[in-house]
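For reference, the structure discussed in these notes is given below.
Just so it is clear, the structure is predicted and the values come from calculations on it, not from any experiment. Here is how names work: the chains are called A, B, and so on, in the same order as the sequence lines, proteins then strands, and each is numbered from 1.
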There are 2 protein chains.
Amino acid sequence: MRLLPQPAVDDIQLTEVLHALSDPARLDVVTQLAAEFELTCSGVGESIGLHKSTMSHHYRVLRDSGVVSTRQEGRQKFMTLRKADLDQRFPGLLDAVLDAVVGATR
Amino acid sequence: MRLLPQPAVDDIQLTEVLHALSDPARLDVVTQLAAEFELTCSGVGESIGLHKSTMSHHYRVLRDSGVVSTRQEGRQKFMTLRKADLDQRFPGLLDAVLDAVVGATR
DNA sequence: CGTATAGTTGGATTGTTGTCAAACCTTCAA
DNA sequence: TTGAAGGTTTGACAACAATCCAACTATACG
């Protein structure tokens, strides 16, 4: 069970996080993770309808920017939101974005 | 004194706002506007050190995404943050981003 | 070992973005 | 009416980003 490389909390950059969240597909992933706690890549990607390699690219952007954490177990990879880390680094930001996702469609 | 075209509150899109805020130059503009309330284009651009046409491009992105409002008065254009509109549409988002800008350098 | 599963990587393509420079438009003032 | 001030627009260009497809890696299961 190994963890894929990811930035330390203090190395998470605001502009990179905002950029990571500014893509609809990635925002969708993040929203699902916020609701489900943890998902496999295929689990989270199914409802989005993009090619799996495209999704793999989005996962990398999310991981490199510090938004998600990925843990490999067997042949699957489980993603989780780095909620505690993001809350520590940028208090209120993630919640505001998640609220905005649901709130804006009301 | 005319107002340049800008999206209505309900037409402001989360992904566009996040994208607008994900560029360092634009984030800098927004931070200055949060502190100064209102500034001319040249006033806000001076400290950034980019070409004025580049800044003009960034102003447009900020305006089109609904982050700032621009009012023309004489030959100057005054920009303001659409704070109330953003707070209404995405509660807490702008404040979290502004906090993050200062907080992350502490 | 052979095969299926779960993802990643590389290449190709198409489109977007950030930047500058030069030309332009508008307004104000002499 | 000429000129200057304050921005915008257009064109060019390089860098980046999103997407797909095909080939690949690694793990698990018969």
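Base engagement by A:His57 is indicated by at least one non-hydrogen atom pair under 4.0 Å involving a base atom.
Shown here are the side chain to side chain donor-acceptor pair (under 3.5 Å) partners of A:Thr15, two or more places apart in sequence or in another chain: there are none. Applying the side-chain contact (heavy atoms from CB on, under 4.5 Å) test to B:Ser56 and every residue at least two apart in sequence or in another chain returns nothing. Remark: A:Thr54 engages no residue in a side chain to side chain donor-acceptor pair (under 3.5 Å) (not counting sequence neighbours). Take B:Pro91 and apply the side-chain contact (heavy atoms from CB on, under 4.5 Å) test, not counting sequence neighbours, and it matches no residue. Scanning for side-chain contact (heavy atoms from CB on, under 4.5 Å) contacts around A:Asp95 gives A:Lys83, with sequence neighbours left out.
Across the protein-nucleic acid pair, A:Leu50 atom CG and D:dA17 atom C1' stand 13 Å apart, rounded to whole Å.
Within residues 16-35 of chain A, no residue has any heavy atom closer than 4.0 Å to DNA chain C.
Both B:Leu39 and B:Val67 are part of a single hydrophobic cluster, where members link through side-chain heavy atoms under 4.5 Å apart.
Nearest heavy-atom pair, B:Asp87 versus B:Leu94, reported as atom, atom and distance to 0.1 Å: OD1-CB, 4.3 Å. Pairing each heavy atom of B:Phe90 with each of A:Ala100, the nearest pair is CD2-CB, 3.4 Å.
Rounded to 10 degrees, the angle separating the terminal axes of the helix from C:dC1-D:dG30 to C:dA30-D:dT1 is 10°, with each axis obtained from five end pairs.
When DNA chain C is scanned in the 5' to 3' direction for atoms under 4.0 Å from non-hydrogen atoms of chain A, the outermost contacting nucleotides are C:dA4 to C:dT9.
Of the residues near DNA chain D, A:Val61 and A:Gly74, the one whose nearest nucleotide (by heavy atom distance) lies more toward the 5' end is A:Val61.
If you check distances only, the side chain of A:Ser53 does reach the base of D:dC21 with a donor-acceptor pair under 3.5 Å.
Exactly one of A:Gln88, A:Arg89, A:Arg82 qualifies for a side chain to side chain donor-acceptor pair (under 3.5 Å) with A:Asp85. That residue is A:Arg82. With B:Val68 as reference, B:Leu62 is the one residue of B:Val61, B:Leu62, B:Thr80, B:Leu86 to meet the side-chain contact (heavy atoms from CB on, under 4.5 Å) rule.
Pairs of residues two or more places apart, or lying in two chains, that qualify as salt bridge (charged side-chain N to carboxylate O under 4.0 Å, His left out) and include a residue from residues 41-70 of chain A are A:Arg60-A:Asp64.
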Which pairs of donor and acceptor atoms, one on a side chain in residues 16-24 of chain B, lie under 3.5 Å apart (sequence neighbours left out)?
from: B:Ser22; atom 1: OG; to: B:His19; atom 2: O; distance (Å): 2.8
from: B:Asp23; atom 1: OD1; to: B:Ala25; atom 2: N; distance (Å): 2.9
from: B:Asp23; atom 1: OD1; to: B:Arg26; atom 2: N; distance (Å): 3.3

Taking distance alone, no hydrogens or angles, what donor-acceptor pairs closer than 3.5 Å link side-chain atoms of residues 29-38 of chain B to residues at least two apart or in another chain?
from: B:Thr31; atom 1: OG1; to: B:Leu27; atom 2: O; distance (Å): 2.7
from: B:Gln32; atom 1: NE2; to: B:Asp28; atom 2: OD1; distance (Å): 3.0
from: B:Gln32; atom 1: NE2; to: B:Val44; atom 2: O; distance (Å): 3.4
from: B:Gln32; atom 1: NE2; to: B:Ser47; atom 2: OG; distance (Å): 3.0
from: B:Glu38; atom 1: OE1; to: B:Arg71; atom 2: NH2; distance (Å): 2.4
from: B:Glu38; atom 1: OE2; to: B:Arg71; atom 2: NH2; distance (Å): 3.0

Produce the list of close N/O pairs, under 3.5 Å, pairing protein atoms with atoms of nucleotides 4-7 of chain D; give distances to one decimal.
from: D:dA5; atom 1: O4'; to: B:Arg75; atom 2: NH1; distance (Å): 3.2
from: D:dG7; atom 1: OP1; to: B:Cys41; atom 2: N; distance (Å): 3.2
from: D:dG7; atom 1: OP1; to: B:Lys77; atom 2: N; distance (Å): 3.4
from: D:dG7; atom 1: OP2; to: B:Ser42; atom 2: N; distance (Å): 2.8
from: D:dG7; atom 1: OP2; to: B:Ser42; atom 2: OG; distance (Å): 2.7
from: D:dG7; atom 1: N7; to: B:Lys52; atom 2: NZ; distance (Å): 2.9
from: D:dG7; atom 1: O6; to: B:Lys52; atom 2: NZ; distance (Å): 2.9

